[in-house]
Each structure stands twice: as structure tokens, then as C-alpha cells.
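Notes follow the structure.
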Amino acid sequence: MKELQVGLIGCGAIGRDHAQRIQNKLQRAKIVAVTDVIKESAQKVAQLCGCKVAETAEDIIADPKIDAVVVTAWDPAHKELVLECIKHKKFVFCEKPLATEAKGAKEIIKAEMEGGQRLVQVGFMRRYDKGYRQMKELIDAGEIGAPLLVHSAHRNVASGQGVTEDFMITQTCIHEIDLTKWLIQDDYDSVRCIVGRTSKEAPEGLRDPQMVMIRTKSGICIDIEVFLNARFGYDIQCQVVGENGTVNLPDPSYPPIRKEAFKGTSLCMDWSVRFIEAYDVELQEWIDNTLEGITSGPNSWDGYIAALTADLLIQSRDEGGTEIKLNTPERPVFYA
Ligand code: NAP
């Protein structure tokens, strides 16, 4: 059976996880080369995977022995790396966001359409999470009636080094921006982002939390709390309120503990553990599809619409929370 030969660019936290996942856990693919601008990071991952270190990202993308590329470099590098993959007609799995701004994502769409083949999958892995998939099945089956409201929260334990207010939207909230649209199958019509009181736990210069509000074309109202320094745990919440009922994202299950006048369960502290199964399903599907020469997951158009929404949310926040119309462009047949 054919095995997909994969090159990976970016050996940070998620690059290391994805490389080991592909090498040790998933089927029908092998990591053959990795690279990183920090050579020691690449060497560490190469050692873990028993593969070679490529000098540059371009060496990986242009290598005829490499069938497909995983991009796990930092966000601002995504656009150029994906464009290079398209130029070489390589299938590419790119971690979210596809690009840090909509205009970068638009360049990718143009290049991909001109090349005449869909090659890009964006790492919106929430769509592969069992809990979100169960929610979607119930909503699609009409179990709660027509959706009216969506309440979501994205709470991280601590903001990483160098996180900016824009990253809170383009890197963190981008998950909910894509996921919610997929969940309720409705285009966004207008967006707002407001900031209020900042947590004393937030680093200097970061207004945290931020509140995102979106109205869809059919009038569904969505609120998303983005809170990076919640300290108590990595806590992802989502509730859809319908005409006849509500459906909630199930919390990961931990054994209930009773002790010292306390009853409760632990909270997950680590994003890479919280969604570990979703990453596995996501990448296995990508491998299987790529071996068949097709793409089926979140595509460049999804990445573009998410980036467009993020751009306007940042604009709204910087204008003091004004409501901004989205005017979502029509999805081309190429990305149907
Ligand atoms: P990280 O630990 O900072 O890793 C990024 C790595 O890529 C760094 O080692 C970085 O080196 C390297 N890099 C940057 N530009 C490069 C280039 N042109 N060629 C090769 N290597 C390059 O960050 P991370 O947490 O792993 O995140 C990486 C990406 O994954 C981000 O885009 C993030 O949004 C995404 N991510 C997705 C999820 C998810 O749930 N789907 C979760 C976490 C992260 P320098 O430090 O020198 O820049």
C-alpha cells in the first residue's frame, strides 16, 4: 500500500506533536524531512521521528520525493509557504490561520484557482472533535429547532510569549469564527468586538478578555468570549439555543472527586490534550484524502472567510466596538 511521504515545516509545539502523531500513531504516512528556522528545534523533531533535517522550507516543498507538506510554522509564515506549495502542486495541510489577513488568504485562493486544483486544507480541527460533531448532528436533525443564539467561550490558562491583541482574534478566536459558521451553516452579516475591564493576570498591553459579537444573515446572534489568562484551566464552551431547546458542547469527562467538603471534577489545563482525538482524526482524513488525490476538509475559502471576519473584528475593536457589515462574497463553485 502506498505511503504518503510528508515534509513538515515549523518544529514548535504543534509541529512536534503533529510530526510524532504522523510518525507513530497514524496510518499510511511517514515524516521524511522537517525544518525550522531554529535548527536545534528541527534536529530534536528529526531525532524523535528518525527523519532528516532539510536546510530550508523551500528544500522540502521542491523535493520531488515529498508528496505533501504540513505547515506548522508561526502564523506570519503561512501565506508564503502555502503559495510555494501551490506553485509546486503539492498538497498542503496548513495550521490555522491560513493567513494573518484576508488579503493574504485571497492571494492563496487566486493561486489555487489558477492552478486548477484544490490542494490546501486548513487546520480548523474543531470540526473533527466528537463533541462538536454530536452537536452538529442534533442541530441538523432539527432536535432543538431553528438556532437563535450561540454562546461560546475560549479560555486559555495563560497567553504565550509575544501574544498581541490581534493574535487573540486571528489565532485564538479564529477557531470559533470557523467552527460556529460550520455548526449553524449560516453566513455572517455583521461583527463587533468590544473590550471592557482587563484581568490583572493579563500581561502589560494586552486587553484581556475580549468579547466578539456576530450576527448571521438569518439573524442568529453569536457571542464569543476570548480570555487568554483565565488561569483556572483550558475551558472551551459552546451552547446553541434553538426555538425548542439548547445543546451544549460536552466537557471532557474526568472522574468526580469528593473530598474535604468538595464535590467536582478536574479541568483540562492543556489544549493539546483537550483536542487530541480531533487532531488524530483530522490528520488521518487528510492523509487518506491526499493519497487519493483529493481534499475534503476546511479549504482555502474557509480560511479566507475566517480571515475576513477576523480583519473586521480587529477594525471594530480598534474603532471602539462599532458594528461592521461583512458582505460575505459568494463561495466560488471551485470551493463548493
Ligand atoms: P511555536 O511553538 O512558536 O512554533 C512555531 C515554529 O515555527 C517555531 O519554532 C518557529 O521558529 C518556526 N518557524 C517560523 N517560521 C518558519 C519558517 N519560515 N520555516 C520554518 N520554521 C519556521 O508555535 P506553535 O504553538 O507550535 O504554533 C505553530 C502554528 O500552529 C501556529 O500557526 C498556530 O496558530 C498553530 N496552532 C494550531 C493549533 C490548533 O489547535 N489547531 C494549536 C496550536 C498552534 P521561530 O520561533 O524562530 O519563529
Side-chain angles (χ1 to χ4, degrees), residues 1-10 14-15 17-34 49-51 54 57 60-73 78 81-98 105 108-130 132-133 136-137 140 178-179 181-182 185 275-306 331-336:
M1 185 185 288
K2 192 172 167 355
E3 195 176 53
L4 193 72
Q5 308 294 296
V6 179
L8 181 136
I9 303 167
I14 199 146
D17 277 8
H18 282 351
Q20 292 188 90
R21 173 173 282 122
I22 291 172
Q23 204 70 331
N24 304 325
K25 206 171 179 187
L26 306 183
Q27 309 293 313
R28 294 181 293 283
K30 193 166 135 195
I31 297 285
V32 291
V34 297
C49 293
C51 70
I60 287 197
I61 298 168
D63 186 340
K65 292 198 219 68
I66 292 180
D67 305 316
V69 177
V70 170
V71 171
T72 42
H78 292 185
L81 294 170
V82 171
L83 284 172
E84 193 68 13
C85 289
I86 293 171
K87 198 171 101 190
H88 285 84
K89 295 214 170 290
K90 287 266 156 89
F91 281 95
V92 52
F93 174 91
C94 177
E95 261 309 337
K96 56 78 200 167
L98 179 61
I108 290 172
I109 282 167
K110 186 167 174 285
E112 204 177 19
M113 288 179 78
E114 280 171 6
Q117 187 186 5
R118 268 167 49 180
L119 296 167
V120 183
Q121 177 165 334
V122 184
F124 289 132
M125 82 327 166
R126 299 268 185 98
R127 296 188 189 196
Y128 298 86
D129 175 69
K130 195 173 163 196
Y132 280 118
R133 285 186 164 188
K136 183 161 171 56
E137 267 174 40
D140 290 351
D178 177 72
L179 190 279
K181 196 165 151 314
W182 170 83
Q185 292 295 306
F275 287 110
I276 197 159
E277 283 165 22
Y279 293 119
D280 293 347
V281 177
E282 172 193 46
L283 278 168
Q284 187 63 64
E285 276 193 29
W286 176 72
I287 291 165
D288 294 345
N289 284 333
T290 307
L291 282 168
E292 296 291 318
I294 54 170
T295 58
S296 77
N299 58 38
S300 305
W301 187 258
D302 299 308
Y304 167 58
I305 294 299
R331 183 182 283 266
V333 178
F334 186 79
Y335 290 110

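Any value given below was found using the heavy atoms of this structure, including those in side chains, with hydrogens, waters and symmetry copies removed.
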Under the side chain to side chain contact (heavy atoms under 4.5 Å, CB included) test against V122, which residue among I108, L98, V71 passes?
L98
Please determine whether salt bridge (Lys or Arg N to Asp or Glu O under 4.0 Å) holds for the pair K181 and D302, giving the CA-CA distance in whole Å, both sets of side-chain angles, and the decisive distance to 0.1 Å.
CA-CA 10 Å; K181 196 165 151 314; D302 299 308; 5.0 Å; no
Any idea which heavy atoms bring G7 and I66 closest together, and the distance?
N-CG2, 3.6 Å
Atom NZ of K87 and atom CD1 of I61: how far apart are they, to the nearest 0.5 Å?
9.0 Å
When rounded to the nearest 0.5 Å, the distance separating NE2 of H78 from CG of L83 is 13.0 Å
Closest non-hydrogen atoms of C51 and V32, given as atom of the first, atom of the second and distance, are CB-O, 3.4 Å
Within-4.5 Å side-chain heavy-atom neighbours: I276 and R21:
yes
State whether D178 and K96 are salt-bridged, where the test is any N-O pair (Lys NZ or Arg NE/NH1/NH2 against Asp/Glu carboxylate O) under 4.0 Å.
no
Tell me the closest heavy-atom pair linking E285 and S296, and the distance in Å.
OE1-OG, 4.4 Å
Near Q185 CD, under 6.0 Å, is it more than 12 heavy atoms from other residues, nucleotides or ligands?
yes
What class does the angle between the rings of Y279 and H18 fall in, given that below 30° is parallel, 30 to 60° is tilted and above 60° is perpendicular?
perpendicular
So D280 and L26, do their side chains get closer than 4.5 Å, heavy atoms only?
yes
Please check: side-chain N/O of K89 versus main-chain N/O of Q117, any donor-acceptor pairing under 3.5 Å?
no
Is there a side-chain contact between F93 and T290 in this structure, where contact means two heavy atoms from C-beta onward sitting under 4.5 Å apart?
no
When you compare the side chain of N299 with that of R118, does any pair of heavy atoms fall below 4.5 Å?
yes
List the atom of F334, the atom of G116, and the distance in Å for their closest heavy-atom pair.
CE1-C, 3.8 Å
Going through the checks in order, is the side-chain contact (heavy atoms from CB on, under 4.5 Å) test met by D288 and R28?
CA-CA 8 Å; D288 294 345; R28 294 181 293 283; 2.8 Å; yes
Under a 4.0 Å threshold between the charged nitrogen and the carboxylate oxygen, would R133 count as salt-bridged to E137?
no
Can you tell me how far apart CE (M125) and CD (E95) are? Round to the nearest 0.5 Å.
8.0 Å
With the side chain counted from C-beta on, respond yes when K90 and E84 share a heavy-atom pair under 4.5 Å apart, and no when they do not.
no
Could you walk me through whether Q121 and T295 pass side-chain contact (heavy atoms from CB on, under 4.5 Å), step by step?
CA-CA 7 Å; Q121 177 165 334; T295 58; 5.6 Å; no
Do the side chains of Y128 and P298 get nearer than 4.5 Å, heavy atoms only?
yes
Judged by atom type as modelled, is there a donor-acceptor pair below 3.5 Å linking the side chain of E112 to the main-chain atoms of L119?
yes
Between the NE2 atom in H88 and the CD1 atom in I60, the distance rounded to the nearest 0.5 Å is 12.5 Å
Check for a donor-acceptor pair, side chain of K136 on one end and backbone N or O of W182 on the other, with a separation under 3.5 Å.
yes
Output yes when a side-chain donor or acceptor of D67 lies under 3.5 Å from a complementary backbone atom of Q5, and no otherwise.
yes
Rounded to the nearest 0.5 Å, the SG atom of C49 sits from the CG atom of L8 at a distance of 8.0 Å
Check whether any side-chain heavy atom of L4 sits under 4.5 Å from a side-chain heavy atom of W286, and report yes or no.
yes
Indicate yes or no for a side-chain donor-acceptor contact from S300 to the backbone of I109 under 3.5 Å, with no hydrogens or angles considered.
no
Can you check side-chain contact (heavy atoms from CB on, under 4.5 Å) on Y335 and M113, steps first, answer last?
CA-CA 9 Å; Y335 290 110; M113 288 179 78; 3.9 Å; yes
In this structure, SG of C85 is separated from CD1 of I9 (nearest 0.5 Å) by 5.5 Å
Measuring only between side-chain heavy atoms, which start at C-beta, is C94 closer than 4.5 Å to L81?
no
